[in-house]
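A, B, ... follow the sequence lines: proteins, then strands. Residue 1 opens every chain.
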2 protein chains.
Amino acid sequence: MEVSTEEKIIQAAEKIFVRDGFDGARMQDIANEAEINKALLHYYFRSKEKLFEHILQRKMKDFIPRIQAVLRKEMSVMDKLEGIVDGYLRMLSQNPRLPIFLLYSTYRNPAIMQHMPHEIFRDLIAFIDDAIQKKQLKKLDPSQFLLSLLGMCFFPFVAWPVASHMLEKSESEYVAFLKGRKVEIMKVIRELAYETDSS
Amino acid sequence: MEVSTEEKIIQAAEKIFVRDGFDGARMQDIANEAEINKALLHYYFRSKEKLFEHILQRKMKDFIPRIQAVLRKEMSVMDKLEGIVDGYLRMLSQNPRLPIFLLYSTYRNPAIMQHMPHEIFRDLIAFIDDAIQKKQLKKLDPSQFLLSLLGMCFFPFVAWPVASHMLEKSESEYVAFLKGRKVEIMKVIRELAYETDSS
DNA sequence: AAATAGTTTAACCAAATGGTTAATGCAAAC
DNA sequence: GTTTGCATTAACCATTTGGTTAAACTATTT
């Protein structure tokens with residue numbers, strides 16, 4: 001299982017950039033992590049900016065979507081919503097630091113969003129809109145509802161250090177707390193449906 | 001209206017640190033912003049770390065609380081919840097970049113949370129718990145509900161550049177969108193109450 | 001007015017950092 | 001086996017950056 005130098009660089013850069021951010025990351029640290037000479041970083045990716053942008057695009061692209069699959073399945077509205085929530089929570093549990101990294105990076109340099117496809121949310125909003133039209137969800141603004149949904153999923157991860165401290169939970173307690181997150185989010189969402197869809 | 005040098009430094013440091021983060025901020029930029037010599041920064045605050053910590057503590061402390069006031073007032077549960085949501089949304093509208101700065105800073109250095117009082121959420125959770133006991137709110141985990149509430153308020157601000165882009169809204173459209181946020185959050189929260197408390 | 005003590009500045013410094021370069025290694029092509 | 005061209009490295013460079021220092025300024029005290 002030989003790994004190409006380029007791949008080693010990408011792996012290392014992902015780790016260091018996500019951990020330290022663009023300003024905090026050191027090219028030497030990335031080189032060390034990849035176990036290569038620093039000059040190689042510039043050989044494969046011209047500059048720190050270029051390398052960062054590459055990593056950011058990559059991370060951003062496989063972060064947002066992956067829900068489309070759930071939408072296409074033959075399921076009730078509530079099951080689809082549960083699928084979306086579950087999908088996000090799983091991804092977040094595996095990459096707890098990723099969302100704050102992505103969000104902060106776009107704050108520091110909003111221009112990078114320009115290169116991102118901006119239709120990703122359309123399906124999601126169309127699905128919500130459709131559910132409302134069919135009176136399966138109460139009358140809400142679809143975009144607003146989507147942000148509420150995402151906020152409930154993402155916020156406990158984005159605010160990890162603050163939230164765990166304020167809730168007076170240890171690291172492991174907070175992890176356990178997050179495990180119960182799906183059920184609690186779904187309790188809220190079920191209240192927004194016309195029929196209670198109990199299993 | 002003479003402003004002390006120390007105050008000028010604090011003002012400038014707040015602006016630069018919130019804009020650029022700890023790693024991105026330059027001491028020279030802060031000095032320029034304060035219109036003073038760079039050495040003065042070290043005269044008043046020993047190091048960049050010290051100055052940063054001072055700013056961070058300050059910002060953090062007047063960010064989280066301010067809700068206690070609402071809790072003490074003689075109001076219905078729903079009105080209190082609306083007061084909390086309204087309080088946060090107002091603050092966020094005036095300081096849209098502050099939450100991502102605070103959250104990211106704690107991620108980069110979780111140790112800074114140790115110096116924060118960690119009882120702030122207690123009143124909030126006690127209030128929610130009480131409302132549930134009195135059957136005014138549906139049966140939910142109070143901590144989980146609090147994070148959902150905060151997530152709905154904070155997330156659209158924390159995720160500003162991503163969200164506005166994904167929702168295909170211009171800057172001004174997104175600002176307008178955020179103005180409608182309170183109503184939408186309250187629609188969700190009202191569904192979590194036993195009696196509909198229409199005015 | 002001279003001494004004192006706090007404040008402010010210009011000039012300076014050492015370390016760190018992104019980036020370059022010239023030489024070397026190395027495998028495939030000839 | 002030697003040439004060719006990419007991959008890799010050690011050494012180096014210019015700039016930036018947080019931080020220091022010694023001198024100058026300012027106002028109050030004596």
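- Within a heavy-atom distance below 4.0 Å of DNA chain D, the residues of residues 38-53 of chain A found are A/Ala39, A/Leu40, A/Tyr43, A/Tyr44.
- Remark: B/Ala25, B/Arg26, B/Met27 in residues 13-32 of chain B come within less than 4.0 Å of DNA chain D through at least one heavy atom.
- Panel note: side chain B/Lys48, backbone B/Phe22; a donor-acceptor pair is recorded below 3.5 Å.
- A donor-acceptor contact shorter than 3.5 Å links the side chain of A/Asn95 to the backbone of A/Met91.
- A/Gln11 and A/Glu7 share a donor-acceptor pair across their side chains, judged by distance under 3.5 Å alone.
- Judged by distance alone, with hydrogens and angles left aside, the side-chain atoms of A/Glu184 form a donor-acceptor pair with the main-chain N or O of B/Asp141 at under 3.5 Å.
- Counting heavy atoms of neighbouring residues, nucleotides and ligands inside a 6.0 Å radius, atom CD of A/Glu119 exceeds 12 of them.
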> Passes ring pair (Phe, Tyr, Trp, His ring centres under 6.0 Å), A/Phe101 versus A/Phe17? Steps please.
Replying inline: CA-CA 8 Å; A/Phe101 163 74; A/Phe17 275 136; 7.3 Å; no

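- Residues forming a salt bridge (charged side-chain N to carboxylate O under 4.0 Å, His left out) with B/Lys138 (at least two apart in sequence, or on another chain): A/Glu191.
- By the neighbour-count criterion of 12 heavy atoms within 6.0 Å, atom CZ of A/Arg97 is densely surrounded, having more than that number from other residues, nucleotides or ligands.
- With sequence neighbours excluded, the residues satisfying salt bridge (charged side-chain N to carboxylate O under 4.0 Å, His left out) with A/Glu33 are A/Lys15.
- Rounded to the nearest 0.5 Å, atoms OH (A/Tyr194) and CD1 (A/Ile132) are 9.0 Å apart.
- Recorded end-axis angle for the helix from C/dA1-D/dT30 to C/dC30-D/dG1 stands at 10°, based on five pairs per end and rounded to 10 degrees.
- The ring of A/Tyr174 has its center closer than 6.0 angstrom to the ring center of A/Phe177.
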> salt bridge (charged side-chain N to carboxylate O under 4.0 Å, His left out) between A/Lys8 and A/Glu35: does it pass, once the steps are laid out?
Replying inline: CA-CA 8 Å; A/Lys8 279 201 286 183; A/Glu35 295 177 301; 5.9 Å; no

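- Chain A approaches DNA chain C within less than 4.0 angstrom (heavy atoms of the protein), and the contacting nucleotides run 5' to 3' from C/dT17 to C/dT21.
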